[in-house]
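Report on the structure given below.
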Amino acid sequence: MRYSQILIPTLKEVPAEAEVISHQLMLRAGFIKKLTSGVYTYMPYGLAAIRRVENIVREEMNRAGAQELSMPMVQPADLWQESGRYEKYGPELLRFRDRHERQSCLGPTHEEVITDIARKELHSYRDLPVNLYQIQTKFRDEIRPRFGLMRGREFIMKDAYSFDVDDEAAEVSYRKMFDAYNRIFQRCGLEFRCVQADSGAIGGSFSHEFMVLADTGEDTIAVCNDCSWAANLEKAEVKLAEPGDSVEQQPMVKVETPGKRKVNSVCEFLAIKPDQLVKTLVYLADDEPVAVLLRGDCELEEVKLKNYLGVTEIRPADDKEIYDATGVPSGYLGPVGIRIRLLADQEVTQMVNLTVGANEKNHHLQNVNQGRDFEVREIADFRRLTTADPCPSCGGTIRLVEGIEVGHIFKLGTSYSESMKAFYQDRDGNGRPLVMGCYGIGVSRVVAAAIEQNHDAHGIIFPAPLAPYQVTVLNLDLNDNEVSAAAEKIYIQLNEAGFDAFIDDRDERPGSKFKDADLLGFPYRITVGKRFKENSMVEVRRREDGTTEDVGIEDVVSYISSKIAN
RNA sequence: CGGGGCGUAGCGCAGCCUGGUUAGCGCGCCUGCCUUGGGAGCAGGAGGUCGCAGGUUCGAAUCCUGCCGCCCCGACCA
């Protein structure tokens, strides 16, 4: 590609709208142009990067035996009513009526459409297994689009759906996708982790998220330093420590704690450590108040609580709501005699002689014991894992890293096939629901994540597999025939050797060409300038670390070949 | 939706508080000269319904009201 033939409107200054680095760089490198909130035009250079990701995804999906198809973006509401999601999905689903007043929506995902295909076309166990995928634009009317392509309303997604005869077969399909995903992100040249997204009570893990590691990630993931265990912090289980030696229960006493409402001030006042105190947090779960007991030095993981309760929304109650629900001012709540639903983090049940609020202003209770002084029936893992906790898998040490979710696979089971009546006939002629799985990759987000992970002060540093062009040739002097001829020759030879080469043939000063080459992130840059006239050598520079080497013009192609596979 | 902020040339901003003739600056763009290994220099030039609609006023980018759009912080997700 010639720079003179491609529209890459680069910017010197950072547009005010961009906060995160990938967004800033994509705007500056002429990747994307915003049309409206969360909706972008992919400009030629940006589209080229997206195509790189798509091609890797497509090759690996095909290799895993999946078939590509393309489903409509506009979908009838009836289908969504059948699955029950038309009501459930919420305002992210963009609904509208067509000229016939037919209720319609823009597809945020395609379970309904694919299940409709499946029920019409997959009738026999002999038709299975099947895995169908597409790479397509999705629309989700996000509450708050942000960070450019990282969380747009319109975005490109690869979504695949598998259909199997039973659970066992579905797990085979799942496994294939798990392997394909690992290959895809490896081939993209990204540092990533696959994390458990849901460790169901069944024992097996049937949902995994693929996270690209980057400081600006929206999720925190816990990673074991000693084994391969990794989990989204929201779901990372805390392994209960072995119970220590049994301690004798002391008689409960009530103590005055005037004005001491916070864990730290109570502990200081009573000369105890935060891990001897149990705090009582009040949340509103779908507007119903619940109390959760948690060790004083720990933090509640709200997602765990939300999942346990199976509600759609939870939030901490404010002081007034706490008082209204319990009759106790916040800061003095405790389990003894509490009048709302009570849950406890598993760790609390191992503690003896607790200090808790007395459910009375300015008072706490000490030496409180579960079973003797209060009852709690609902016990689970509610607290957030910390780096002080052992790895739940091997007992090793944990570290926390930030990640960007680029892929998510999960086993759906039969919920869609049952609600939408997608049955096949087994060997004995019995109708059975198709067992489904679904597998997503945020293609446009992968590009954002790649930039988020690979950049420096000068611009993007593309991993070679994702770079729209692996190597750029800078012709520093268009008016010098010797220089221009050499640059053209190198460019042509690189293309002939199978590389996607780029040449900066604009009538610009050298400085601009260097700056743009850095900004656009070509993995290799070949500079043809006056040095070439002196000694017939050109400079080859590696974007990643800035190292340079002078290479003779005849050796350039083989030099590049030795550095990157094409 | 709740909380905060912003809309002035393609981009980044000043001017607004304290209304007053042709609305500024930097970058980019066009023409010419000059220059050519890290976003040069000089000279000339094009480009703006000051987000929109009302209102106050002799006079509004500036003050008031309403609307629209965008960005940031929270819940959601690939």
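Proteins get letters first, then strands, A, B, ... in listed order; numbering begins at 1 in each. The figures here come from the full heavy-atom set of this structure, side chains too, leaving out hydrogens, waters and symmetry mates. In this text the structure is predicted, and so the values were computed from the model without any measurement.
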Does a side-chain N-to-carboxylate-O contact under 4.0 Å join [X] and [Y]?
X        : Y        : answer
A:Arg445 : A:Glu452 : no
A:Arg85  : A:Glu111 : yes
A:Glu59  : A:Arg187 : yes

Closest to side chain of [X], choosing from [options]:
X        : options             : value
A:Glu539 : B:U36, B:G39, B:G37 : B:G37
A:Glu142 : B:U36, B:G12, B:C76 : B:C76
A:Lys34  : B:C71, B:A78, B:G37 : B:C71
A:Lys530 : B:G37, B:A78, B:C71 : B:G37
A:Arg509 : B:A78, B:U36, B:G37 : B:U36
A:Arg144 : B:A78, B:G74, B:G39 : B:G74
A:Lys12  : B:G38, B:G37, B:G28 : B:G28
A:Asp518 : B:G38, B:G37, B:C77 : B:G38
A:Arg146 : B:G74, B:C70, B:C77 : B:G74
A:Ile143 : B:G39, B:C1, B:A78  : B:C1

Nearest-angstrom distance, [atom1] atom, [N] to [M]:
N     : M     : atom1 : value
B:C76 : B:A14 : P     : 36 Å
B:G28 : B:U22 : C1'   : 24 Å
B:G24 : B:G15 : P     : 16 Å
B:U35 : B:A40 : C1'   : 7 Å

**OP:** Would you kindly compare A:Leu519 and A:Val406 by the position of their nearest RNA chain B nucleotide and give the one closer to the 5′ end?
**Re:** A:Leu519
Original post:
Taking for each residue the nucleotide of RNA chain B with the nearest heavy atom, is it A:Val14 or A:Arg445 whose nucleotide lies nearer the 5' end?
Top reply: A:Val14
Which part of the nucleic acid does [X] contact within heavy-atom distance under 4.0 Å: base, sugar-phosphate only, or nothing?
X        : answer
A:Arg525 : base
A:Asp480 : nothing
A:Gly407 : sugar-phosphate
A:Thr36  : sugar-phosphate
A:Gly148 : nothing
A:Lys306 : sugar-phosphate
A:Arg140 : base

Subject >> Face-to-face contact A:Phe155 to B:A78 six-ring, under 5.5 Å, under 30° >> reply: yes
Original post:
Below 4.0 angstrom from OP1 or OP2 of B:G38, is there any side-chain N or O of A:Ser512?
Top reply: no
Original post:
Roughly, in whole Å, what's the span from CG in A:Asp286 to P in B:A75?
Top reply: 16 Å
Original post:
Would you say the base of B:G26 and the side-chain of A:Glu13 have a donor-acceptor pair closer than 3.5 Å?
Top reply: yes
**OP:** Measure centre to centre between the rings of A:Tyr308 and A:Phe382, then say whether the value is under 6.0 Å.
**Re:** yes
**OP:** Answer yes if the ring centres of A:His408 and A:Phe410 are under 6.0 angstrom apart, and no otherwise.
**Re:** yes
Subject >> Paired nucleotide for B:C70 [Watson-Crick or G-U wobble; both distances under 3.5 Å] >> reply: B:G5
**OP:** Mark yes when over 12 heavy atoms from residues, nucleotides or ligands other than A:Glu288 sit less than 6.0 Å from its CD; otherwise mark no.
**Re:** no
Original post:
Looking at A:Phe462, A:Tyr524, A:Phe502, A:Tyr3, which hits ring-ring contact (aromatic ring centres under 6.0 Å, His included) with A:Tyr469?
Top reply: A:Phe502
